[in-house]
Amino acid sequence: MERIGIIGGGQAAAALAAKLREEGFGGAITLIGAEDAPPYQRPPLSKKYLLGEWPRERLFLRPGSFYEEQGITLHLGTRAMALDAARRAVTLESGETLSFDGIALVTGARPRMLPDALFAAGRPPVGVHVLRTLADADALAPEMVAGRRLVIIGGGYIGLEAAAVARDRGLDVTLIEAAPRILARVACAETAEWFTAFHRSRGVTVITDAQITDIGGLERVSHVTLADGRTIETDLVLVGIGVEPETALAETAGLEVAQGILVDAFGRTSAPAIWAAGDCTVFPWRGRRIRLESVQNAIEQAEAVARDMLGRGTPYDPVPWFWSDQADVKLQIAGLGQGHDRIIVRESGAGRSHWYFRGDEFLAVDAINDPRAYMVGKRLLEAGRTPDPAALADPGVNLMALVRG
Ligand SMILES: Cc1cc2nc3c(=O)[nH]c(=O)nc-3n(C[C@H](O)[C@H](O)[C@H](O)COP(=O)(O)OP(=O)(O)OC[C@H]3O[C@@H](n4cnc5c(N)ncnc54)[C@H](O)[C@@H]3O)c2cc1C
């Protein structure tokens with residue numbers, strides 16, 4: 001392979017390009033990204049960057065000189081509009097067509113928006129935000145002025161992180177969740193309850209089971225109305241209701257797509273010499289197909305693809321992990337808890353952890369301000385071992401003994 005094209009300019013793109021060089025690939029690497037900025041980290045966008053504690057430069061994954069030094073050609077601020085799978089040719093917004101021997105699609109995901117019909121203006125008016133890109137964060141941050149009212153729609157991690165930042169910045173925050181509880185898609189009831197209480201204790205109004213019927217304001221957003229008749233006056237709205245995998249380009253090439261670009265354990269798509277990695281993919285994992293939205297997955301799957309592009313691939317079989325920072329709380333998650341039928345709660349000093357089981361099988365752990373529980377849980381999952389639930393629940397049992405035992 002002489003010419004590799006990487007389509008997408010995010011976390012996976014940067015990891016893939018770097019790994020190709022690390023593995024000794026000497027051919028041409030071209031990275032095509034729709035955003036103007038070179039690859040950067042998204043997690044701080046809802047944390048330290050939104051709070052104003054991190055400067056912009058700190059977000060970038062590599063110094064500007066890296067790409068030149070490594071001979072990686074960047075085409076930024078330009079979207080790939082069409083992909084010809086047979087010719088491995090990519091047509092850019094400008095009309096230019098670039099051909100490659102191998103292509104990696106690392107197109108990520110885009111935020112969902114509420115339907116236009118919910119907005120009095122017929123579309124989202126000024127003051128309604130999403131938070132996915134640096135440009136989104138740069139539009140939202142200056143609007144977060146102390147004393148203003150913010151409605152956050154969606155009680156997922158991004159909504160909760162933004163709620164924590166907004167309280168620190170002195171805003172009046174209401175968080176609206178359609179499901180009976182927050183974090184319904186990603187965490188157990190115990191974790192959700194803990195975070196609901198935490199945010200309420202910081203002055204956030206958390207409303208669950210709430211259907212939005214109307215978002216008012218013609219020029220600028222003014223209020224949100226709920227199905228029970230409540231109206232919440234607001235200056236700002238942040239919509240954090242999840243993302244859709246960005247599959248548009250893959251579809252132009254006729255690749256197999258089902259809630260993400262379908263890839264095998266090597267990151268290969270349904271077309272020869274076209275791979276995919278990161279948030280945009282659905283991949284086989286322990287007998288089912290999953291899609292992950294995490295930095296870990298973006299990096300590790302991209303690195304697996306880089307190796308496979310060079311003929312040194314091994315199946316990608318991660319133990320998923322994730323984190324979320326909310327004010328002074330660090331949540332660390334190892335494993336995937338979906339399908340659990342039992343949670344063991346462990347209290348330990350300042351922290352606590354929630355251990356997910358299905359029958360006798362240990363699935364995952366949520367560690368709240370408890371890095372040791374996270375580390376032990378992750379190691380057990382990596383070793384395919386199940387801890388004794390009774391020992392876990394006993395705060396007198398040293399967790400490290402569970403790893404050694
Ligand atoms: C606010 C926020 C906070 C987060 N916090 C955490 C966290 O705490 N921990 C964690 O593990 N994960 C977190 N995540 C998730 C994590 O950032 C993503 O999982 C990760 O960025 C995925 O990387 P990716 O490269 O697959 O996709 P992305 O980073 O989304 O990059 C994809 C890039 O491809 C570009 N693109 C798409 N289509 C085209 C095209 N046709 N042509 C050219 N370019 C294209 C997009 O514009 C984008 O720049 C967070 C995400 C957000 C938004």
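Atoms within a ligand are numbered from 1 in the order they appear, just like the ligands themselves. Counting from 1, the numbers follow the sequence of the chain as shown.
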Please verify the inter-ring angle class for W194 with F198; under 30° counts as parallel, over 60° as perpendicular, anything in between as tilted.
parallel
Give the contacting part of A80 toward ligand 1: side chain, backbone, both or neither, where contact means a heavy-atom distance below 4.0 Å.
both
For A298, the ligand 1 atoms with a heavy-atom partner under 4.0 Å come out as 22 (C), 23 (O)
For the pair F322 and Y157, name the ring-plane relationship: parallel under 30°, tilted 30 to 60°, perpendicular over 60°.
tilted
Would you check the N or O atoms of S294, main chain and side chain alike, for any that come under 3.5 Å of an N or O of ligand 1?
yes
From the options V90, T107, I6, select the one whose nearest heavy atom is closest to atom 36 (N) of ligand 1.
T107
Quick one: does any side-chain atom of R352 pair with a main-chain N or O of I368 as donor and acceptor, under 3.5 Å?
no
Would one find an N or O of F322, backbone or side chain, under 3.5 Å from an N or O of ligand 1?
no
With salt bridge (charged side-chain N to carboxylate O under 4.0 Å, His left out) as the test, pick out the partner of E244 among R110, R112, R291.
R112
Can you list the ligand 1 atoms lying under 4.0 Å from a non-hydrogen atom of L131?
1 (C), 53 (C)
Of the protein's non-hydrogen atoms, which lies at the shortest distance from atom 30 (O) of ligand 1, and what is that distance?
R132 NH2, 2.7 Å
Side-chain H-bond candidate by donor/acceptor type, E35 with Y40, under 3.5 Å
yes
Of all the heavy atoms in Q41, does at least one lie under 4.0 Å from an atom in ligand 1?
no
Would you say that L98 contacts L92 through its side chain, given a criterion of any heavy-atom pair below 4.5 Å between the two side chains?
yes
Within the structure provided, determine whether E161 and V165 are in side-chain contact (heavy-atom separation under 4.5 Å).
no
Report yes if some heavy atom in the side chain of D214 is under 4.5 Å from a heavy atom in the side chain of L118; otherwise report no.
no
Would you mind checking which non-hydrogen protein atom is closest to atom 20 (C) of ligand 1, with the distance to 0.1 Å?
D279 OD1, 4.0 Å
Looking only at N/O atoms, are E246 and ligand 1 under 3.5 Å apart anywhere?
no
Quick check on contacts: which atoms of ligand 1 are under 4.0 angstrom from a heavy atom of G10?
25 (O), 29 (O), 31 (O), 33 (C)
Give the intermediate values and the outcome of side-chain hydrogen bond (donor to acceptor under 3.5 Å, both in side chains) for residues T97 and T91.
CA-CA 4 Å; T97 296; T91 305; 3.3 Å; yes
For atom 1 (C) of ligand 1, what is the closest protein heavy atom, and at what distance to 0.1 Å?
S46 OG, 3.4 Å
Would you say S324 and ligand 1 have an N/O pair spaced under 3.5 Å apart?
no
When only distance counts, is I7 in polar contact with ligand 1, meaning an N/O pair under 3.5 Å?
no
Considering distance alone, does some N or O of E161 sit under 3.5 Å from an N or O of ligand 1?
no
Taking the basic N atoms (NZ, or NE/NH1/NH2) and the acidic carboxylate oxygens, is any pair closer than 4.0 Å for D168 and R202?
yes
Is a side-chain donor-acceptor pair under 3.5 Å present for E256 with T269?
no
Which atoms from ligand 1 have a heavy atom of E35 less than 4.0 Å away?
47 (O), 48 (C), 49 (O)
Give the residue and atom name of whichever protein heavy atom lies nearest to atom 11 (O) of ligand 1, and the separation in Å to one decimal.
V295 N, 2.9 Å
Among A12, P39, G8, closest by heavy atom to atom 24 (P) of ligand 1 is A12
What class does the angle between the rings of Y356 and H340 fall in, given that below 30° is parallel, 30 to 60° is tilted and above 60° is perpendicular?
perpendicular
Note: ligand 1 atoms sitting under 4.0 Å from heavy atoms of I32 are 43 (C), 44 (N)
Nitrogen or oxygen atoms of Q11 and ligand 1 under 3.5 Å apart:
yes
Student check: side-chain heavy atoms of L381 and R379 closer than 4.5 Å:
no
Is a side-chain N or O of N369 found less than 3.5 angstrom from the main chain of K330, in a donor-acceptor match?
yes
Under 3.5 Å side-chain donor-acceptor pair for T133 and D136
yes
List the closest protein heavy-atom neighbour of atom 27 (O) of ligand 1: residue, atom name, distance to the nearest 0.1 Å.
G108 CA, 3.2 Å
Using distance alone, decide if ligand 1 has a nitrogen or oxygen within less than 3.5 Å of any nitrogen or oxygen in W323.
yes
If you have a sec, work out which protein heavy atom is nearest atom 15 (C) of ligand 1 and how many Å separate them, to one decimal?
E293 O, 4.2 Å
Heteroatom proximity flag, K47 to ligand 1, N/O under 3.5 Å
yes
Quick one: does any side-chain atom of D366 pair with a main-chain N or O of S353 as donor and acceptor, under 3.5 Å?
no
For ligand 1, is any non-hydrogen atom under 4.0 Å from I158's backbone (N, CA, C, O), its side chain (CB onward), both, or neither?
side chain
Looking at G278, which atoms of ligand 1 are within less than 4.0 Å of one of its heavy atoms?
26 (O)
Regarding atom 14 (N) of ligand 1: of the candidates G9, P43, A34, which has the closest heavy atom?
P43
min-distance protein heavy atom vs atom 29 (O) of ligand 1 -> R42 NE, 2.7 Å
